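Written out below as structure tokens is the structure these notes cover.
Everything numeric here is computed off the predicted structure, so don't read it as measured data. The chain is numbered in sequence order, starting from 1.
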Amino acid sequence: MTHRPGTTSRRGFMRAGLAASVALPAAAAMARAQGGPDPLITEVQDWARYTGDGVDATPYGLPIHFESDVIRRNVSWLTADTISSINFTPIHQLDGTITPAGCAFERHHSGAIELAKSDYRLMINGLVDRELVFTYDDLERFPRSQAVYFCECAANTGMEWAGAQLNGSQFTHGMIHNMEYVGVPLKTLLAEAGVKPEGKWIFVEGADASSNGRSIPIEKAMDDVMVAFKANGEALRKEHGYPARLVVPGWEGNLWVKWLRRIEVTAGPVESREETSKYTDTLDNGISRKWTWVMDAKSVVTAPSPQVAIKHGPGPMVITGLAWSGRGAITRVDVSVDGGRNWTTARLAQPGVRMAMTRFYLDHIWDGEEMLLQSRAVDETGYVQPTKNALREIRGENSIYHNNGIQTWWIKKDGSAENVEVS
């Protein structure tokens, strides 16, 4: 269903005035009164009666089976085959900011490949003084850097351009992860090869069948781009480009080429398939703009949300979510419970970090009435996350990529939630 600017979506859902939030003291807590003895307290349970597993029961630690539903999920009808597809980070079930590697979203154009460290080669050629080939062992000998960055697919929230579509933050905003990367600054490797004065761009390729070639300006390459071989302290996962991938902080995930095999220094952009027919922004007049690499400031409430209902009824609760910006650090997140009429500044769990995700919390007393729950991010450049209608005024509804519009969850009286649009 197509929705025009200035309208609300999801079966004609009408915007309505809702009660404003009531602040909850930070130290407030609610204890449930017991009607009688609780056997979980008064009786000895099996976990206290018998010994547990030994230290080597699981040599590589895995989540306890009670958390078996905290997994990546695919939307089967999005693509024709899972080999060239995507699955989504369960952001609604996570807290903090670091994404466990086993939960971090995957996007493949020809499937995740197995490439051993001993078989790995990285070539630097083109407009350089010395064409070089590095092995994996070579990379580990260079001085390395470490930083936390978010990686977001340019199509994250892309289904929502025409109105509310997917019912859950995992599916609307889950093409993202935030991990601690370790690797070699790309500028170090380029310095080894010696970039010629006419070298103004690089073209990067992966070792998989799709190669996923992309052009990147030399200024970015010499700034903060990294050839990474560790994530969250361990080797990259197969699906994340093992044994080495490109990390391009703040820029769209398609540039983060996995299984990185070649970097060619060029005089201009290559104009590959991935930067002409794909990963361009189609405007309302049918013209597509390109080179829109940066992922602008964005946020989403992860709980409560369609996959995380309010189960405890009226009273104290925590509204939480994530915010990020490809232009710098998040400095503020505002939350609205009435569809954007009134805003309350949320608490940032930690000061914002450049090109990394920030967790926000708002302690709130729910009165049991409906809410239209939104969040709005502000970054260090002063950029304020826009509404979807503000984006449509510039881009129309034909885009797929770079939708950073404000998301709305309709929280119902029974605590359940639904994806709606209030713009």
Side-chain angles (χ1 to χ4, degrees), residues 10 63-76 78 86-107 150-153 155-160 164-179 232 253 295 298-313 316-324 330 333 335-337 346-350 356-364 366 370-377 385 403-412 414-422:
R10 201 73 168 189
I64 194 167
H65 65 89
F66 301 122
E67 299 295 318
S68 61
D69 65 329
V70 183
I71 56 173
R72 297 178 290 214
R73 293 175 175 88
N74 183 32
V75 176
S76 59
L78 281 181
I86 193 160
N87 60 19
F88 301 80
T89 301
I91 59 174
H92 63 294
Q93 294 172 300
L94 305 177
D95 211 323
T97 57
I98 296 297
T99 310
C103 288
F105 86 103
E106 301 177 58
R107 171 68 170 112
F150 75 83
C151 175
E152 181 181 17
C153 180
N156 200 22
T157 325
M159 287 294 294
E160 305 296 303
Q165 304 291 331
L166 300 172
N167 214 30
S169 63
Q170 179 172 22
F171 304 116
T172 57
H173 291 72
M175 297 184 196
I176 192 167
H177 66 240
N178 191 64
M179 297 201 285
N232 292 352
M295 304 304 293
K298 190 171 180 179
S299 67
V300 64
V301 172
T302 55
S305 62
Q307 294 166 285
V308 188
I310 302 174
K311 298 179 180 179
H312 50 65
M317 63 175 295
V318 176
I319 298 170
T320 186
L322 294 164
W324 59 95
I330 292 294
V333 179
V335 173
S336 176
V337 299
R347 171 173 55 90
L348 303 185
Q350 298 289 338
M357 299 183 86
T358 298
R359 172 66 61 175
F360 65 87
Y361 299 105
L362 179 66
D363 300 324
H364 177 68
W366 184 42
E370 294 180 350
M371 294 188 288
L372 293 175
L373 197 53
Q374 299 179 335
S375 63
R376 180 180 66 186
Q385 183 182 0
N403 177 8
N404 67 318
I406 290 172
Q407 176 67 45
T408 307
W409 305 128
W410 173 25
I411 310 299
K412 304 177 186 180
D414 64 0
S416 64
E418 185 177 345
N419 181 6
V420 300
E421 184 178 320
V422 178

Across all chains, not counting sequence neighbours, the ring pair (Phe, Tyr, Trp, His ring centres under 6.0 Å) partners of His177 are Phe105, His240
Ring pair (Phe, Tyr, Trp, His ring centres under 6.0 Å) filter on Phe171, not counting sequence neighbours, yields Phe88
Got [X] and [Y] here, is their nearest side-chain heavy-atom distance under 4.5 Å?
X: Thr99; Y: Asn232; answer: no
X: Val335; Y: His364; answer: no
X: Thr320; Y: Val301; answer: no
X: Glu418; Y: Lys412; answer: yes
X: Leu78; Y: Met159; answer: yes

For the atom pair [atom1] ([X]) and [atom2] ([Y]), what is the distance rounded to the nearest 0.5 Å?
X: Asn404; Y: Thr157; atom1: CG; atom2: OG1; answer: 8.5 Å
X: Cys153; Y: Ile86; atom1: SG; atom2: CD1; answer: 4.5 Å
X: His173; Y: Ile91; atom1: NE2; atom2: CD1; answer: 7.0 Å
X: Ser336; Y: Ile319; atom1: OG; atom2: CD1; answer: 9.5 Å
X: Leu348; Y: Tyr361; atom1: CG; atom2: OH; answer: 11.0 Å
X: Arg347; Y: Leu362; atom1: CZ; atom2: CG; answer: 9.0 Å

(request) Keeping the roles fixed (side chain from Ser299, backbone from Leu322), state whether a donor-acceptor pair exists under 3.5 Å. (result) no
Those residues that, when tested against [X], pass side chain to side chain contact (heavy atoms under 4.5 Å, CB included) (two or more places apart):
X: Ser305; result: His92, Ser169, Val308, Trp409
X: Ala356; result: Val148, Asn178, Val353
X: Ile310; result: Pro304, His312, Met317, Trp366, Met371, Ile411

Check the side chains of Thr408 and Glu421 for a donor-acceptor pair under 3.5 angstrom, ignoring hydrogens and angles.
-> no
Do Thr172 and Gln407 get their side chains close enough for a donor-acceptor pair, meaning under 3.5 Å?
no
Listed partners of [X] passing side chain to side chain donor-acceptor pair (under 3.5 Å), at least two apart:
X: Asn74; answer: none
X: Glu152; answer: Asn156, Lys298, Trp324
X: Glu160; answer: Asn419
X: Gln170; answer: Arg73, Gln307

Those residues at least two apart in sequence (or on a different chain) that pass salt bridge (charged side-chain N to carboxylate O under 4.0 Å, His left out) with Asp95 are Arg359
In terms of heavy-atom contacts, Val333 and Ala323 come closest through CG2-CB, 3.6 Å
Heavy-atom nearest pair, Ala417 first then Asn167, reads O-ND2, 4.1 Å
